[in-house]
2 protein chains.
Amino acid sequence: MTLSLENFLSSRKELIEGKLPLYVSGLKGPASIKEAMIYSLSAGGKRIRPALVLAVLNAFGKREEIGIPAACAVEMIHTYSLIHDDLPSMDDDDLRRGKPTNHKVYGEALAILSGDGLLTHSFGLIADQQDISAEKRLALISELVKASGIEGMVGGQVADMQGEAKNLPLSELEYIHEHKTAKLLAFSIIAGAILAEASNDEIAKLREFAYHIGIAFQIQDDILDIEGQQSKIGKPVGSDETNKKTTYPSLLTLPGAKQKLEDHISHAKAILANINIQSGLLEELCDLIASRDH
Amino acid sequence: MTLSLENFLSSRKELIEGKLPLYVSGLKGPASIKEAMIYSLSAGGKRIRPALVLAVLNAFGKREEIGIPAACAVEMIHTYSLIHDDLPSMDDDDLRRGKPTNHKVYGEALAILSGDGLLTHSFGLIADQQDISAEKRLALISELVKASGIEGMVGGQVADMQGEAKNLPLSELEYIHEHKTAKLLAFSIIAGAILAEASNDEIAKLREFAYHIGIAFQIQDDILDIEGQQSKIGKPVGSDETNKKTTYPSLLTLPGAKQKLEDHISHAKAILANINIQSGLLEELCDLIASRDH
C-alpha cells in the first residue's frame with residue numbers, strides 16, 4: 001500500500017509532536033526551563049525536517065521507528081534556532097506562528113537558556129539511542145554538528161545578519177540559504193540514509209538531492225512573501241521588500257525565481273530517479289515544496 | 001619523575017591554549033564569528049577543566065594526548081556559558097577577566113551565535129576523534145550533555161537566576177553549585193577516567209571525588225569574594241553581598257564556610273587514597289582549590 005504524502009505528513013507530524021515533549025519532560029531540571037522548552041517545541045509547524053528522516057527510511061523500506069531520535073533531534077535544533085533568532089538582539093519578533101515568541105512569554109534570559117538546552121539535548125537524544133550501532137550514532141552527531149554549527153545553520157545566520165539591507169549578489173544569497181536552511185534539511189535526508197544503511201554513493205546522491213530541495217524550499221519562501229496569503233504564511237506579505245531584503249525574486253524577477261525553483265525541483269527529481277529506492281513520497285515532496293502555500 | 005602541580009598546570013594551559021583556536025580556525029564559516037569565538041576562547045583563565053582531563057589520564061599512567069579533544073570540548077562549553085551569562089539579559093557584565101565581554105566587542109547577536117557555535121562544535125570535537133573507540137566517544141558525549149544541559153550547568157544557571165536576591169536554604173544553594181559548577185568539573189574528571197579505561201567502580205569513586213572538589217571550588221569562590229584581592233579575582237570584592245546573593249559564608253558564617261570547604265577537601269582526598277592510581281597531582285589539586293587566591 002502506498003501512502004499519500006498528505007497522510008504521511010499528517011500522521012508523522014502527530015507522531016513527532018507526541019514524542020518531542022517527552023524527551024524534555026523526562027529530564028531532571030528546573031520546571032521553568034522545561035516548560036519554556038516544551039512551549040516552543042509544541043508551537044506547531046510543518047515538522048518537515050523530522051518527516052524527511054522518516055520518509056527516507058520509508059523509501060529504503062526500513063523501520064521508521066529507528067529514525068525517531070534523529071527526527072526529534074533535528075526538530076529540537078530547528079526550534080532552538082527559532083528561539084534565538086526571535087530574540088530582541090536578533091530579529092526581535094514578538095510572534096511566531098501566531099503565538100508569542102519564547103522570550104515574550106518567559107523573558108530573554110530563559111529563552112536563551114531554553115535554546116541552549118534544546119541544542120545540547122539534541123545531541124543527547126542521538127548519543128543515547130541504544131538500538132543502533134555506535135558508529136551510526138557518531139556519524140549522525142558529526143553530520144548534525146556540521147549542519148547546525150558555523151559550517152551550517154549558525155554560519156548562514158551570521159551571513160544573513162551581515163547581509164541585511166544590503167544588495168547581495170546571487171552567490172552570497174545562495175550561500176546564506178544553503179547554510180541557513182538547506183544544510184539542516186539535508187541533515188534530515190542524510191540521517192535517514194545513514195540509518196537505512198545506504199551506500200556511500202546513495203548518500204552522495206541524496207546529499208545533492210537535499211541541496212536542490214533545500215534551495216527550492218527557500219525560493220518558494222521568497223515567492224510566498226510576495227504572492228502568499230498572510231493568514232497562511234503567518235507573517236505580513238511583502239515583509240522582505242519592506243525590510244529591503246535581497247531575495248530570489250529581487251535578484252531574478254518573480255518569473256525568474258519561479259523558473260529557478262522549477263530547475264532545482266527538476267534536478268532533485270532527476271537525482272531521485274537515479275537511486276534504487278521507492279521514491280514516491282520523496283517525489284511528491286518535491287512537488288509539495290514547489291507548490292506549498294505556507 | 002613527578003611533575004609539580006604548578007609545572008603541570010602551566011604547561012597544560014599552554015598546550016590547550018595552543019590547540020583551542022585551531023579547532024575553530026580550521027572550520028569553514030564566516031570570518032566574523034570565528035574571530036568572536038576565538039576572542040573568548042583566548043581570553044585566558046586557569047584552564048582548570050581541560051587540565052583535569054589530562055591530570056586524570058596522567059594519574060592512570062595513560063597518554064594525555066588522547067584527552068585533548070575532550071579537554072578542549074569542555075573548555076568550549078565553559079567559554080560558551082560565560083559568553084551567554086555575560087549578556088545584558090543575563091548578568092549584564094561588561095568585563096570578563098579584565099577584558100571587554102564578547103557582546104561588548106561583537107554585539108549581542110554575534111555573541112549569542114558565538115556561544116551557540118562553541119556549544120555545537122564541542123560535540124563535534126569528540127565525535128570526530130578518530131583514535132579512540134566509537135563507544136568511548138559516545139560515552140563522553142552522553143556525559144557532556146548531562147553535565148552541560150538542563151540536568152547540569154544550564155539547569156544550575158536557571159536555578160541561580162531564579163534564586164537571585166532571595167534567601168535560599170543550603171539545599172538550594174548546593175543544588176545551584178552542584179549543577180552550575182561541579183557537574184562540568186566532574187565531566188572533566190570522568191572524561192579522563194573513561195579515556196583511561198577506568199573500571200566502573202573507579203569511575204563511580206571519581207564521580208564522588210569530583211562532586212567534593214566541585215563544591216569546594218565554589219565555596220572558595222564565595223570566600224574569595226569576601227577575603228580576596230580585587231586585582232587577583234578580577235572583580236570587585238564584596239560583590240555577592242552588594243547583590244544580596246546567598247553564599248556559603250552568608251548561610252554558614254565565614255568560619256563555617258571554611259570548615260565546610262575543609263570537609264569537602266578531606267572527603268575528596270579520602271576517596272583518592274582509595275583508588276589505585278598515582279594520585280599526587282590530584283591531591284595537590286585539592287590543596288590548590290582550598291587555598292587558591294583567584
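Sequence lines set the chain letters: A, B, ... in the order given, protein chains first and strands last, and positions in each chain run from 1.
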Top contributor to chain A interface from B:Ile112, B:Asp85, B:Val158 [non-hydrogen pairs under 4.5 Å]
B:Val158

Among the options A:Pro88, A:Ser114, A:Ser32, pick out the one with the most heavy-atom pairs lying under 4.5 Å from chain B.
A:Ser32

Please check if the side chain of A:Glu151 supplies one atom and the backbone of B:Lys28 the other of a donor-acceptor pair under 3.5 Å.
yes

Heavy-atom closest pair (B:Ala109 atom, A:Ser89 atom, distance to 0.1 Å) is CB-O, 3.4 Å

Identify the heavy atoms of A:Tyr175 and B:Gly29 that sit nearest to each other, and give their distance.
OH-CA, 4.2 Å

For B:Met153, is it the side chain, the backbone, both or neither that has a heavy atom under 4.5 Å from a heavy atom of chain A?
neither

Considering only heavy atoms, which portion of A:Leu87 lies under 4.5 Å from any heavy atom of chain B: side chain, backbone, both, or neither?
side chain

Here the pair of heavy atoms bringing B:Ala159 nearest to A:Pro30 is N-CG, 4.5 Å

What pair of heavy atoms forms the shortest contact from B:Met37 to A:Ile150, and how long is it?
SD-CG2, 3.7 Å

Applying a criterion of heavy atom separation less than 4.5 Å, what residues of residues 119-149 of chain B form contacts with chain A?
B:Leu119, B:Thr120, B:His121, B:Phe123, B:Gly124, B:Ala127, B:Asp128, B:Ala134, B:Glu135, B:Arg137, B:Leu138, B:Ile141, B:Ser142, B:Val145, B:Lys146, B:Ser148, B:Gly149

If you tally heavy-atom pairs under 4.5 Å against chain A, which of B:Leu113, B:Val24, B:Leu118 wins?
B:Leu113

